[in-house]
Amino acid sequence: MFGYSPQGYEALSTNRQRLLDALNAAAITEVTIRYSGGGDEGDISEVIVQPESCLPHLNTQRLVYCYARGEYREGACYYFLEDKEVLLDDALRDFVFTWVDSHHSGWEINEGGSGVMTIHVAEDDFLLEHSDYYTESLDFAYSL
């Protein structure tokens, strides 16, 4: 993922408004997405929308979504933005992972992490709450 690149942050900003517009068009007032991972794997564990009757819209409503892409050429990485029409469900899933990766890259590695993204559509409020997991250790050395 390219969430940590300047283009990743630009894509987040662009997609924030595009998602709000698509959620309004689908009459969705709130979205909650939970994710978790560890051991080098992570995924979405739950997607909840309000009102519940709008859940099917996630797989029928489409929007133009902005992806941060990169390619390696002539000895350097080049990042760029690319628009693509996708389902609302796919856009929401990509958005949460791009957002969490922009602040906690590698969150799914080793002990992993988890979190929840909540979007309150009418309030224009996006909230990401994330927990990193780690194993604490205490080291001791003794000599006689």
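Just so we're clear, the structure is a prediction, and the values are computed from it rather than from any experiment. Note that the numbering runs from 1 along the sequence shown for the chain.
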Transitive ILVMFWY cluster of L138 at side-chain heavy atoms under 4.5 Å: who else is in it?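 In the cluster with L138 are F140, Y142.
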Residue pair L58, L87: steps toward the side-chain contact (heavy atoms from CB on, under 4.5 Å) verdict: CA-CA 7 Å; L58 294 182; L87 290 171; over 6 Å; no
Is there side-chain contact between [X] and [Y], with at least one heavy-atom pair below 4.5 Å?
{"X": "T98", "Y": "N15", "result": "no"}
{"X": "I44", "Y": "V96", "result": "yes"}
{"X": "I119", "Y": "L23", "result": "yes"}
{"X": "T14", "Y": "L12", "result": "no"}
{"X": "Y78", "Y": "Y72", "result": "no"}
{"X": "F80", "Y": "Q7", "result": "no"}

Stepwise side-chain contact (heavy atoms from CB on, under 4.5 Å) test for R93 and Y35: CA-CA 10 Å; R93 290 170 185 271; Y35 62 90; over 6 Å; no
Around atom CD of E85, are there more than 12 heavy atoms of other residues, nucleotides or ligands at under 6.0 Å?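 Count over threshold, so yes.
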Under 3.5 Å, is there a donor-acceptor pair between the side chain of [X] and the main chain of [Y]?
{"X": "R18", "Y": "V64", "answer": "yes"}
{"X": "Y65", "Y": "F95", "answer": "yes"}
{"X": "S131", "Y": "G113", "answer": "no"}

Electrostatic pair R16-D124, nearest N-O below 4.0 angstrom: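 Yes, this pair counts.
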Are R62 and D90 close enough for a salt bridge, meaning some N to O gap below 4.0 Å?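 Salt bridge flag = no for D90 with R62.
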Tell me which pairs pass side-chain hydrogen bond (donor to acceptor under 3.5 Å, both in side chains) where either residue lies in residues 106-119, with sequence neighbours left out.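 Applying side-chain hydrogen bond (donor to acceptor under 3.5 Å, both in side chains) to every pair that reaches into residues 106-119, excluding sequence neighbours, yields D101-W107, E111-T135, S114-Y133.
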From CA spacing to verdict: side-chain contact (heavy atoms from CB on, under 4.5 Å), N59, L88: CA-CA 7 Å; N59 290 306; L88 180 53; over 6 Å; no
Sequence neighbours left out, what passes side chain to side chain contact (heavy atoms under 4.5 Å, CB included) with R34? Give chain and number order.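 Scan of R34 (side chain to side chain contact (heavy atoms under 4.5 Å, CB included), adjacent residues dropped) gives T32, S45, E46, V116.
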